[in-house]
Participant: 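Below: one structure in structure tokens.
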Amino acid sequence: MWWRFNRASLRTKLLVLTAVSFISSSIAFVSAWRAVQTSYLFAARQVEQSVAQAAREIAREATGSEKLRPEGRPLPPHEREIRARFADEPTRAVARALHRVPEISGGLCRAEGTLLTAVSADTKSTALSPRERQASDWACQRAIASPGLQVVEVEFGGERFAVAFQPLAEDEERSASAAGVFAFRPLPRARLFADPASVLMPVGSLLLAIGLALFSFATWREWRLGMRQLETGLTEIARDLGARIEPPASAELGAISRAINELAADLQAKRQREAELERSLARSERLASLGRVAAGIAHEVRNPLAAMKLKIQLASRGEQDREKLARTFAVLLEEIERLEALVQKLLDLSRSPRLELGQCVISSLVSDRLALIADRCARAGVEVVLERASEADTVVEADSAKLAQA
């Protein structure tokens, strides 16, 4: 799997990195959100346990289970403060119970479901806020009819409370006709934004996810535009080495574009040098060709001259019959024409060669060529025999002069 990813294009790798970063940040955000939710639920359960404990403490104080005290034992400071602050015993019982469970408000209910007395955790007195008064009345109505201790979440005036209530047993000694107890405490104001510290993790994760996504998208877009600019520039350079690539905004792609521009400039200079060398080489080739042509023509001129010289020498050594002289003169005339053709060839060097096609008798062409070397062969003791394949002469369409030259 890693081998395949390693061979993937840079665009694919960047997209995968963007997706992985966004998914990781999203998972972190969801985890942080769940952690905050879990923290809120944990705090809510703690509040519910606190109000349940407070309700039980108030019930014990109201039934007189906490009034037994050894004779002569001094009162603790908090109880002396409670005796000094509250005049009636039911309120003192509630205050003593709530002293053991701080930040909880609670009280006692009458048998008809009305409020007997209550102590606020905020004011440390019987003065209740409107919402606390609503919570107290609501709890008293349900405490009398409840089969036992219950803890519920209710909302009063836009604020949620955890409320615990329970009735008092009929066979227990009651304080001033108390028939039920209750305790309550406000829950966090919001499930997420009540605590700034709890907001930091999910919001930070969300901002990180958004930042990574935006940064990755910006990087991908910058790279994509830069690569497109490079591709366009390379296409132009392929057509014309004088073209140049405008450096992209990215530093890395800008370095690549500058390197490509330098390479294109070097190639353009090399092309110019190669063109000059090709022109020089072409001149040298023409001179060499002229040299080879001159050598070939010298060879071609020497052969007819040698044949003419030989014929003239043979003719001047003695008397010869008219027929033999005629053949000698014919050969001389033919070689002279051949020399004229060579001179014409020199004149035609600047023009494309052209074949003069016509009817050529192969046997006559060979006989004429043999006549040129017959005397040389005789002096060398070589006998040349011309054998015809058939009586009929073979006629082809060819350039007789070029065949004779060959």
Participant: Begin with the C-alpha distance, continue with both residues' side-chain angles, and end with the deciding distance and a verdict on side chain to side chain contact (heavy atoms under 4.5 Å, CB included) for R56 and L149.
Facilitator: CA-CA 8 Å; R56 288 191 291 267; L149 178 62; 3.2 Å; yes
Participant: Assess whether salt bridge (charged side-chain N to carboxylate O under 4.0 Å, His left out) is satisfied between R85 and E79, documenting all intermediate values.
Facilitator: CA-CA 10 Å; R85 182 179 299 177; E79 189 165 345; over 6 Å; no
Participant: Answer yes or no: is there a side-chain heavy-atom contact under 4.5 Å between L128 and T123?
Facilitator: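 No - every pair of side-chain heavy atoms lies 4.5 Å or more apart.
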Participant: Answer whether the closest heavy-atom distance between the side chains of E61 and R100 falls below 4.5 Å.
Facilitator: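 Result yes, sub-4.5 Å side-chain heavy-atom pair found.
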Participant: Evaluate the criterion side chain to side chain contact (heavy atoms under 4.5 Å, CB included) for residue pair R96 and H99; output intermediate values, then yes/no.
Facilitator: CA-CA 5 Å; R96 286 195 298 270; H99 175 77; 5.7 Å; no
Participant: What distance do L267 atom CG and E262 atom CD have between them, rounded to the nearest 0.5 Å?
Facilitator: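 Rounded to the nearest 0.5 Å, the CG-CD separation comes out at 12.0 Å.
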Participant: Any chance CZ of R80 has more than 12 other-residue heavy atoms, nucleotides or ligands included, within less than 6.0 Å?
Facilitator: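 More than 12 heavy atoms, drawn from other residues, nucleotides or ligands, come within 6.0 Å of this atom.
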Participant: Output yes when E132 and R185 qualify as a salt bridge under the 4.0 Å nitrogen-oxygen rule, no when they do not.
Facilitator: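 Looking at R185 together with E132, the answer is no, because their closest N to O distance does not fall below 4.0 Å.
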Participant: What's the shortest heavy-atom distance between L98 and G106, and which atoms?
Facilitator: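 Where L98 meets G106 most closely, the heavy atoms are CD1-N, 3.6 Å.
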Participant: Roughly how far, to the nearest 0.5 Å, is the CG atom of L277 from the OG atom of S284?
Facilitator: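 Between S284 OG and L277 CG, I get 10.0 Å after rounding to 0.5 Å.
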Participant: I need the minimum non-hydrogen distance between S50 and V101, along with the two atoms involved.
Facilitator: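 It is O-CG1, 3.6 Å.
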Participant: Report the residues that fulfil side-chain contact (heavy atoms from CB on, under 4.5 Å) with R369, sequence neighbours left out, ordered by chain and then residue number.
Facilitator: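 For R369, the residues satisfying side-chain contact (heavy atoms from CB on, under 4.5 Å) (neighbours in sequence not counted) are E334, E335, R338, L372, A404.
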Participant: Go through E231 and R228 one step at a time and tell me if the salt bridge (charged side-chain N to carboxylate O under 4.0 Å, His left out) criterion holds.
Facilitator: CA-CA 5 Å; E231 292 173 358; R228 183 177 297 175; over 6 Å; no
Participant: Can you tell if the side chain of V152 reaches within under 4.5 Å of the side chain of F165, non-hydrogen atoms only?
Facilitator: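 A side-chain contact under 4.5 Å exists here.
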Participant: I would like to know whether Q134 and F161 meet side chain to side chain contact (heavy atoms under 4.5 Å, CB included); could you show each step before the answer?
Facilitator: CA-CA 11 Å; Q134 289 179 341; F161 289 84; over 6 Å; no
Participant: Hey, what do you get for CZ (F182) to CG (D137), rounding to the nearest 0.5 Å?
Facilitator: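 CG of D137 is found 8.0 Å from CZ of F182.
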Participant: Taking R83's backbone N and O only, do any of them form a donor-acceptor pair with R92's side chain (distance below 3.5 Å, no angle check)?
Facilitator: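 Confirmed, R92 side chain pairs with R83 backbone.
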Participant: Has E155 got more than 12 heavy atoms of other residues, nucleotides or ligands less than 6.0 Å from its CD?
Facilitator: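 Atom CD in E155 is crowded, with more than 12 foreign heavy atoms closer than 6.0 Å.
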Participant: Assess the side chains of S146 and Q166: does a donor N or O sit below 3.5 Å from an acceptor N or O?
Facilitator: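 No, no side-chain donor-acceptor contact under 3.5 Å.
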Participant: Would you please name every residue forming a side-chain hydrogen bond (donor to acceptor under 3.5 Å, both in side chains) with D88, sequence neighbours left out?
Facilitator: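 Once residues adjacent in sequence are excluded, the partners of D88 under the side-chain hydrogen bond (donor to acceptor under 3.5 Å, both in side chains) criterion are T91.
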Participant: Could you pull out the closest heavy-atom pair between A52 and V151, with the gap in Å?
Facilitator: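 Heavy-atom minimum between the residues: CB-CG2, 3.8 Å.
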Participant: Look at atom CD of E112 and say whether more than 12 heavy atoms of other residues, nucleotides or ligands are closer to it than 6.0 Å.
Facilitator: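 Yes, because the 6.0 Å sphere around CD of E112 holds more than 12 heavy atoms from other groups.
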Participant: How close do V51 and A164 get, counting heavy atoms only, and between which atoms?
Facilitator: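 Minimum heavy-atom contact is O-CB, 3.5 Å.
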Participant: Is the shortest distance from a Lys or Arg side-chain nitrogen in E276 or R273 to a carboxylate oxygen in the other one below 4.0 Å?
Facilitator: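 No salt bridge links E276 with R273.
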Participant: If you round to the nearest 0.5 Å, how far is OG1 of T114 from CD1 of I144?
Facilitator: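 Here the interatomic distance stands at 8.0 Å.
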Participant: More than 12 foreign heavy atoms under 6.0 Å from CZ of R244: is that the case here?
Facilitator: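 Buried by this count: over 12 neighbours within 6.0 Å.
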Participant: With a 4.5 Å limit on heavy-atom distance, are the side chains of L365 and C360 in contact?
Facilitator: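 Yes, close enough: below the 4.5 Å cut-off.
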Participant: Please give me the minimum heavy-atom distance between A183 and I104, naming the atom from each residue.
Facilitator: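 Scanning both residues completely, I find the closest heavy atoms to be CB-CG2, 3.8 Å.
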Participant: V163 versus W138: any side-chain heavy-atom pair under 4.5 Å?
Facilitator: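 Heavy-atom side-chain distance check passes, below 4.5 Å.
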Participant: Which atom names give the shortest non-hydrogen contact between F86 and A95, and what distance separates them?
Facilitator: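 Heavy atoms of F86 and A95 come nearest at CE1-CB, 3.7 Å.
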Participant: Between R60 and E57, does any side-chain N to carboxylate O distance fall below 4.0 Å?
Facilitator: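 Result for this pair is yes, salt bridge flagged.
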Participant: Walk me through whether L168 and V181 qualify under side chain to side chain contact (heavy atoms under 4.5 Å, CB included).
Facilitator: CA-CA 7 Å; L168 293 177; V181 299; 4.0 Å; yes
Participant: Taking E274 for the side chain and R271 for the main chain, is one N or O donor matched with an acceptor at less than 3.5 Å?
Facilitator: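 No: the side chain of E274 does not pair with the backbone of R271.
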Participant: Once rounded to the nearest 0.5 Å, what's the spacing between atom OG of S120 and atom CZ of R133?
Facilitator: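 Between S120 OG and R133 CZ, I get 12.0 Å after rounding to 0.5 Å.
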Participant: Could you tell me the separation between the CZ atom of F184 and the OG atom of S105, rounded to the nearest 0.5 Å?
Facilitator: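 Between F184 CZ and S105 OG, I get 4.5 Å after rounding to 0.5 Å.
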